[in-house]
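Here's the structure, in structure tokens; my notes come after.
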Amino acid sequence: MFPEAHGELDAKTPFQLLIAVILSAQATDKGVNKATPALFAAYPDSKQLAQANLSEVEALIKTIGLYRSKAKNIIKTAMMIEEEFGGEIPRDKQLLQTLPGVGRKTANVVLGDAFGIPGIAVDTHVERISKRLQLVKQSATVTEVEEKLMKVVPESEWIVTHHRLIFFGRYHCTARAPKCAACPVLPYCHFGGKISSK
DNA sequence: ATCCCGAGGG
DNA sequence: CCCTCTGGAT
């Protein structure tokens, strides 16, 4: 079910992963992982969450941020999984994106981490690094970043590359105060270690 | 382009 | 205090 290395989100099933990824928008994995145990204890699967009370779900995920829209979205998503997809998570990017709260990035992560389907999800880290290393121009959209990376990286390594970029972005090439002095790819970086931590 | 939102880091 | 976090919908 889970082929191998996935992200740092805690989830026992594809459904829980889907919910966790929706919740992770503009939030840290750590923050999501703090809230999901209680959430999944109360609503372990789509059948349970589809019948959940809105304000109870809001209370459970409040600490994550953006909780009002996220509570509404995950309940509606659970309802759609039950009613339109027979209780199964669709293994298709377009179908996944019909679920509320699921966009291009979330769909890619779920397909890759739950089903091993190759793709490169462009999140804030991947976008930042691609631009600092000038793989794409500063004004590039997330879609352009995704296309560029898929062209440069062989398909068999898309998922691994994605996770490496995330890890690099989260712990080294951070948005604020990146650790340029100890950077392995400093010679390839346009900024050459002088990113003003503005 | 803007809104939604709280927690944690620097 | 201000910035950032595996964005998505309007």
Side-chain angles (χ1 to χ4, degrees), chain A residues 2 4-11 14 16-39 54-55 57-78 80 93-115 117-132 135-136 139-146 149-150 153 158-182 195-198:
Chain A
F2 291 102
E4 51 176 87
H6 46 89
E8 297 181 17
L9 249 19
D10 297 334
Q16 292 187 1
L17 178 68
L18 170 64
I19 298 305
V21 180
I22 292 175
L23 293 177
S24 75
Q26 292 298 100
T28 59
D29 283 358
K30 204 184 291 182
V32 174
N33 288 338
K34 212 167 76 176
T36 47
L39 178 69
L54 178 59
S55 51
V57 173
E58 285 183 351
L60 285 169
I61 66 171
K62 190 149 195 166
T63 56
I64 296 175
L66 306 176
Y67 66 93
R68 280 194 281 253
S69 47
K70 286 177 180 175
K72 202 179 304 173
N73 285 342
I74 62 176
I75 292 174
K76 182 70 187 302
T77 285
M80 288 177 65
K93 195 184 293 185
Q94 264 65 43
L95 288 179
L96 279 172
Q97 291 189 74
T98 64
L99 300 168
V102 179
R104 187 188 195 86
K105 178 260 167 186
T106 299
N108 271 323
V109 171
V110 171
L111 288 175
D113 288 357
F115 303 125
I117 299 171
I120 295 183
V122 178
D123 48 55
T124 180
H125 296 306
V126 175
E127 179 179 5
R128 181 177 65 251
I129 291 165
S130 298
K131 289 183 176 178
R132 282 183 180 169
L135 297 174
V136 297
S139 59
T141 65
V142 291
T143 305
E144 288 169 339
V145 175
E146 181 178 338
L149 288 174
M150 290 194 298
V153 179
W158 284 354
I159 294 180
V160 195
T161 302
H162 165 244
H163 285 120
R164 284 185 185 142
L165 289 174
I166 299 293
F167 186 86
F168 182 56
R170 179 178 297 169
Y171 299 110
H172 298 276
C173 194
T174 46
R176 199 157 57 86
K179 302 178 174 70
C180 296
I195 294 176
S196 65
S197 56
K198 182 165 60 79

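Every chain is numbered from 1 and lettered A, B, ... according to where its sequence line falls, protein lines coming before strand lines. Note that this is a predicted model, so its numbers are computed, not measured.
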Give A/A27 one of three labels, base, sugar-phosphate or nothing, depending on what nucleic acid heavy atoms sit under 4.0 Å from its own.
base
In chain order, what residues pass the salt bridge (charged side-chain N to carboxylate O under 4.0 Å, His left out) check against A/K72, with sequence neighbours excluded?
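So A/K72 forms no salt bridge (charged side-chain N to carboxylate O under 4.0 Å, His left out) with any residue.
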Non-neighbouring partners of [X] that pass side chain to side chain contact (heavy atoms under 4.5 Å, CB included), sequence neighbours left out:
X: A/F168; result: A/I129, A/H172, A/C173, A/C183, A/P184, A/V185
X: A/A27; result: A/V32, A/I64, A/K70
X: A/L60; result: A/A38, A/L39, A/A42, A/Y43

Pairs in or reaching into residues 17-34 of chain A: which pass salt bridge (charged side-chain N to carboxylate O under 4.0 Å, His left out), with residues at least two apart or in two chains?
A/D29-A/R170
Pairs touching residues 19-28 of chain A that satisfy salt bridge (charged side-chain N to carboxylate O under 4.0 Å, His left out), sequence neighbours left out
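Passing the test, one end in residues 19-28 of chain A: no pairs.
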Take atom [atom1] in [N] and the same atom in [M], then report the distance between them in whole Å.
N: B/dC5; M: C/dC5; atom1: C1'; value: 12 Å
N: C/dG8; M: B/dG8; atom1: P; value: 23 Å
N: B/dA7; M: C/dA9; atom1: P; value: 24 Å

Among residues 67-77 of chain A, which contact DNA chain B at a heavy-atom distance under 4.0 Å?
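The answer is A/Y67, A/R68, A/S69.
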Please give me every residue in residues 94-110 of chain A whose heavy atoms get under 4.0 Å of an atom in DNA chain B, ordered by residue number.
none
Pairing residues for A/S139 by the side-chain hydrogen bond (donor to acceptor under 3.5 Å, both in side chains) criterion, not counting sequence neighbours
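Here no residue qualifies.
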Any residue meeting side-chain hydrogen bond (donor to acceptor under 3.5 Å, both in side chains) with A/E127, in chain and number order, not counting sequence neighbours:
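Checked A/E127 against side-chain hydrogen bond (donor to acceptor under 3.5 Å, both in side chains); matches are A/K131.
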Think A/H125 has a side-chain N or O under 4.0 angstrom from the OP1 or OP2 of C/dC5?
yes
Between which nucleotides of DNA chain B, read 5' to 3', does contact with chain A run, using atoms under 4.0 Å from its heavy atoms?
B/dC4 to B/dG10
For residues 93-105 of chain A, which residue pairs pass the side-chain hydrogen bond (donor to acceptor under 3.5 Å, both in side chains) check, not counting sequence neighbours?
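Applying side-chain hydrogen bond (donor to acceptor under 3.5 Å, both in side chains) to every pair that reaches into residues 93-105 of chain A, excluding sequence neighbours, yields A/K93-A/N108, A/R104-A/E146.
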